[in-house]
Trainee: 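My questions all concern the structure below.
Only heavy atoms go into these numbers, but all of them, side chains included; no hydrogens, no water, no symmetry mates.
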Amino acid sequence: MEEKTMVKDLEKVVIRFSGDSGDGMQLTGNIFSNLSAVFGNQISTFPDYPAEVRAPKGTLSGVSGFQVHLGAKIYTPGDKTDVLVAMNPAALKVNAKFLKRDSVVIIDVDSFSKGDLDKALFTTDDPFQELGLNSVQVVAVPITSMVKDGLVESGLDNKSALRCKNMFALGLVCWLFNRPLDVAMEMLQHKFAKKQKVLKANLKVLVDGYNYGNNIHASVSTYRIETVSSKKGCYTDVNGNKAAAWGLIAAAEKAGLQLFLGSYPITPATDILHELAARKELGVKVVQAEDEIAGVCTAIGASFAGCLAATSTSGPGLALKSEALGLAVIAELPLVVIDVQRGGPSTGMPTKSEQTDLMQALYGRNGESPAVVIAAATPTDCFDSAFWASKLAVEHMTPVILLTDGYLANGSSAWRIPNMDEYPSIMPKYASAYKGEKPWKAYTRDDDSLVRYWAVPGMEGFMHRVGGLEKDYNTSAISTDPANHQKMVNTRQAKIDHIADYIPEQEIEGDENADLLVVGWGGTYGHLREAVDIMNKSGKKVALAHFKFINPLPKNAVDILTKYKKVIVAEQNLGQFANYLRGKVPGLNLAQFNRVEGQPFVVAQLVDAFTKLLEE
């Protein structure tokens with residue numbers, strides 16, 4: 001009798017690759033994500049790095065994971081996994097709580113010895129029974145020994161050969177999801193182009209894993225995933241840090257300015273520095289400074305000199321940059337500050353993600369020191385957000401703080417490379433265009449927008465001085481006059497407030513006549529959108545207002561927040577945005593959903609919390 005494979009048709013599926021830091025799970029996940037995007041799947045990824053740099057091999061603290069959600073209408077990396085690749089017992093134990101019933105678990109049985117189980121703190125010799133995983137489909141594969149045997153004649157030493165184990169797992173997963181190996185092979189050829197011996201070994205092991213899957217085809221479910229018809233264009237898989245870097249480059253091109261980045265390496269923002277440093281052919285200038293303060297100060301100097309200036313950091317670095325940001329505010333110079341938020345306080349959890357820097361971005365400077373604050377919603381939205389941050393900084397002569405987070409920075413999605421002709425122009429307000437009756441001074445402003453005219457050194461007839469001391473509104477000379485200081489404080493604030501006239505109004509998603517409005521900002525968008533969609537499909541009237549522009553708020557923000565019977569603000573802190581909104585709209589009654597776990601929201605928890613609020 002002919003054996004038949006069990007095939008599951010799914011609209012979407014979640015796969016998690018997990019093992020030690022040295023097992024190559026991030027590379028495996030990235031290749032499979034790109035492969036899925038090529039075949040028409042929408043994707044969302046979540047790399048989950050261990051906090052320790054070199055945790056002992058096989059221990060719980062050293063587990064590294066990469067989760068990918070693929071299919072149609074994908075907004076998040078997924079709550080629970082359909083397929084788990086666990087390269088050792090520690091990976092199984094850490095990820096057991098994320099497994100769905102009847103999910104497939106692929107293990108390297110060679111790495112499940114008594115010693116391996118002890119390292120992962122198992123107390124019995126049956127880890128699946130101990131974890132209560134009685135319904136999962138276990139695919140126990142001798143990956144280590146098969147890789148060793150397969151590479152006997154490769155010329156690689158034992159340690160180098162075992163580094164190819166992740167490609168065996170990738171080949172097996174490609175079989176599981178009916179993915180041809182051609183694209184994966186091309187990616188490997190690009191990565192190991194200068195290491196032909198390593199390339200050949202990885203290609204062989206990849207094929208071996210795929211063939212092994214074919215040989216066990218009757219013993220495990222395989223999956224057929226729904227694809228989507230996307231808008232025609234050139235697509236790539238991009239993470240938030242790379243998208244933000246590209247957004248800065250695009251803005252500099254639009255503005256006709258040279259892009260300058262002055263930064264200091266810090267997790268999880270460092271990849272922005274790396275990406276821009278590699279773009280010398282586009283005229284990008286990068287300085288890796290000796291510390292955070294030097295990084296922002298070099299950027300302020302570049303801004304004074306007429307560049308589109310930026311600096312990238314995370315929460316601890318933003319704190320160190322605060323005095324220099326005050327200088328940029330009082331000097332009224334354009335500056336983009338990208339803060340990739342991470343778990344805090346202090347050093348906190350550098351590889352984890354939070355939304356806990358909002359108050360610091362809004363108010364973390366001495367004196368009345370207003371700055372524009374915006375927040376990216378998805379990894380691909382980091383491009384548009386960086387473009388907007390640059391446009392507002394240059395056209396309104398102000399620092400702009402762009403908030404992303406570790407989840408967005410490292411996570412990725414399929415992104416259609418845009419036609420830049422569809423993006424708005426960026427028009428610096430140069431002093432050479434000033435046509436006023438009075439002589440130009442350093443703080444001469446446009447009457448409508450209150451924006452200071454930008455005089456670049458070398459611009460004939462516009463020699464000037466700006467700095468950290470208060471200036472006279474009319475003469476631009478140093479002033480300590482009380483009335484003048486009040487006027488300058490009011491003017492700087494009014495300039496920021498006027499920006500509300502230049503940004504889009506807030507949009508509502510879901511049911512506009514909803515009984516409950518869910519409010520969010522930043523990297524929680526995908527999880528909130530999916531929760532609202534689930535509730536709408538079940539007949540519940542829920543809407544979503546997800547804010548990109550935070551300071552100033554869109555002009556229609558107050559009308560939206562006061563329109564709905566119930567409003568709940570969901571954020572990964574203890575209520576910073578909720579309290580900010582209460583300050584902007586006195587008497588506003590807001591419910592809150594707050595989690596500060598270093599991990600993304602769980603959609604099921606959001607649905608439960610929102611449903612309870614609706615039913616109260």
Side-chain angles (χ1 to χ4, degrees), residues 262-264 266 289-304 309-341 344-348 355-375 389 392-393 396-403 442-443 445 450-452 465-473 476-499 550-553 573 576-577 579-580 583-584:
S263 287
Y264 180 74
I266 183 172
E290 63 268 28
D291 55 41
E292 294 283 0
I293 298 171
V296 66
C297 287
T298 59
I300 291 173
S303 177
F304 181 79
T311 185
S312 54
T313 190
S314 190
L318 184 62
L320 290 168
K321 296 178 190 291
S322 61
E323 182 181 5
L325 284 175
L327 172 60
V329 170
I330 197 168
E332 299 190 49
L333 287 167
L335 177 68
V336 177
V337 181
I338 302 178
D339 174 22
V340 186
Q341 299 168 97
S346 188
T347 306
Q355 291 184 301
T356 44
D357 294 347
L358 180 58
M359 288 294 106
Q360 183 179 197
L362 288 166
Y363 304 117
R365 295 164 294 281
N366 70 297
E368 291 293 336
S369 190
V372 177
V373 178
I374 69 177
L392 295 178
H396 296 273
M397 296 295 286
T398 178
V400 176
I401 299 175
L402 168 58
L403 296 173
Y443 285 89
R445 303 176 185 279
L450 299 178
V451 174
R452 181 179 79 84
R465 179 183 299 167
V466 294
L469 293 173
E470 186 64 283
K471 305 298 191 296
D472 184 271
Y473 186 90
S476 299
I478 293 173
S479 172
T480 58
D481 178 69
N484 177 76
H485 181 53
Q486 181 73 60
K487 186 172 185 177
M488 289 296 282
V489 167
N490 292 344
T491 299
R492 287 189 287 265
Q493 183 61 57
K495 183 181 76 168
I496 301 301
D497 294 340
H498 280 323
I499 292 176
I550 294 177
N551 189 41
L553 289 167
N573 54 51
Q576 295 185 20
F577 191 49
N579 289 330
Y580 174 68
K584 293 293 183 180

Trainee: Between Gln341 and Gly315 (side chain of the first, backbone of the second, donor and acceptor by atom type, cut-off under 3.5 Å), is there such a pair?
Mentor: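 Side chain of Gln341 to backbone of Gly315, a donor-acceptor pair under 3.5 Å: no, none is there.
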Trainee: Sequence neighbours left out, cut at 3.5 Å: what donor-acceptor pairs do the side chains of residues 367-374 make with other protein atoms?
Mentor:
{"residue": "Ser369", "atom": "OG", "partner": "Arg365", "partner atom": "NE", "Å": "3.4"}

Trainee: Let me confirm one number: the CG-CG distance from Leu325 to Leu335, rounded to the nearest 0.5 Å.
Mentor: 6.5 Å
Trainee: Might you point out which heavy atoms bring Glu290 and Tyr264 nearest each other, and give the distance in Å?
Mentor: O-CE1, 3.3 Å
Trainee: Of all the heavy-atom pairs spanning Phe577 and Ile550, show the shortest one and how long it is.
Mentor: CE1-CG2, 4.1 Å
Trainee: What's the separation between atom CG in Leu318 and atom OG1 in Thr313, rounded to the nearest 0.5 Å?
Mentor: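 If we round to the nearest 0.5 Å, Leu318:CG and Thr313:OG1 are 6.5 Å apart.
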Trainee: For the CG atom of Leu450 and the CD atom of Gln493, what is their distance to the nearest 0.5 Å?
Mentor: 11.5 Å
Trainee: Nearest 0.5 Å, please: how far is CG in Asn366 from OG in Ser322?
Mentor: 7.5 Å
Trainee: Might you point out which heavy atoms bring Ala393 and Pro334 nearest each other, and give the distance in Å?
Mentor: O-CB, 3.1 Å
Trainee: Taking the side chain from Ser476 and the backbone from Tyr443, do they hold a donor-acceptor pair closer than 3.5 Å?
Mentor: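 Yes.
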Trainee: Specify the closest pair of heavy atoms between Lys471 and Leu469, including all atoms of both residues, with the distance to one decimal.
Mentor: NZ-O, 2.7 Å
Trainee: Drop me the distance from Met397's CE to Ser303's OG, to the nearest 0.5 angstrom.
Mentor: 6.5 Å
Trainee: Do you know the tightest heavy-atom contact between Leu402 and Ala389?
Mentor: CB-CB, 4.4 Å
Trainee: With sequence neighbours excluded, give me every salt bridge (Lys or Arg N to Asp or Glu O under 4.0 Å) pair touching residues 315-330.
Mentor: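 Found Glu292-Lys321.
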Trainee: Could you tell me which non-hydrogen atom of Thr311 sits nearest to which non-hydrogen atom of Ala299, and how far apart they are?
Mentor: CB-CB, 4.5 Å
Trainee: Please answer whether the main-chain N or O of Thr356 pairs with a side-chain N or O of Gln576 as donor and acceptor at a distance below 3.5 Å.
Mentor: yes
Trainee: Looking at CG of Asn573 and CG of Asp357, how far apart are the two atoms once the value is rounded to the nearest 0.5 Å?
Mentor: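 Asn573 CG to Asp357 CG: 9.5 Å, rounded to 0.5 Å.
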Trainee: Mark yes or no for whether Asp291, through its side chain, and Ala294, through its backbone, hold a donor-acceptor pair below 3.5 Å.
Mentor: yes
Trainee: Which residue pairs pass the salt bridge (Lys or Arg N to Asp or Glu O under 4.0 Å) test with at least one member in residues 477-492, sequence neighbours excluded?
Mentor: Glu470-Arg492
Trainee: For the backbone of Val340 and the side chain of Ser314, can you confirm whether one donor and one acceptor N or O come within less than 3.5 Å of each other?
Mentor: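 Yes, Ser314 side chain to Val340 backbone: donor-acceptor pair under 3.5 Å.
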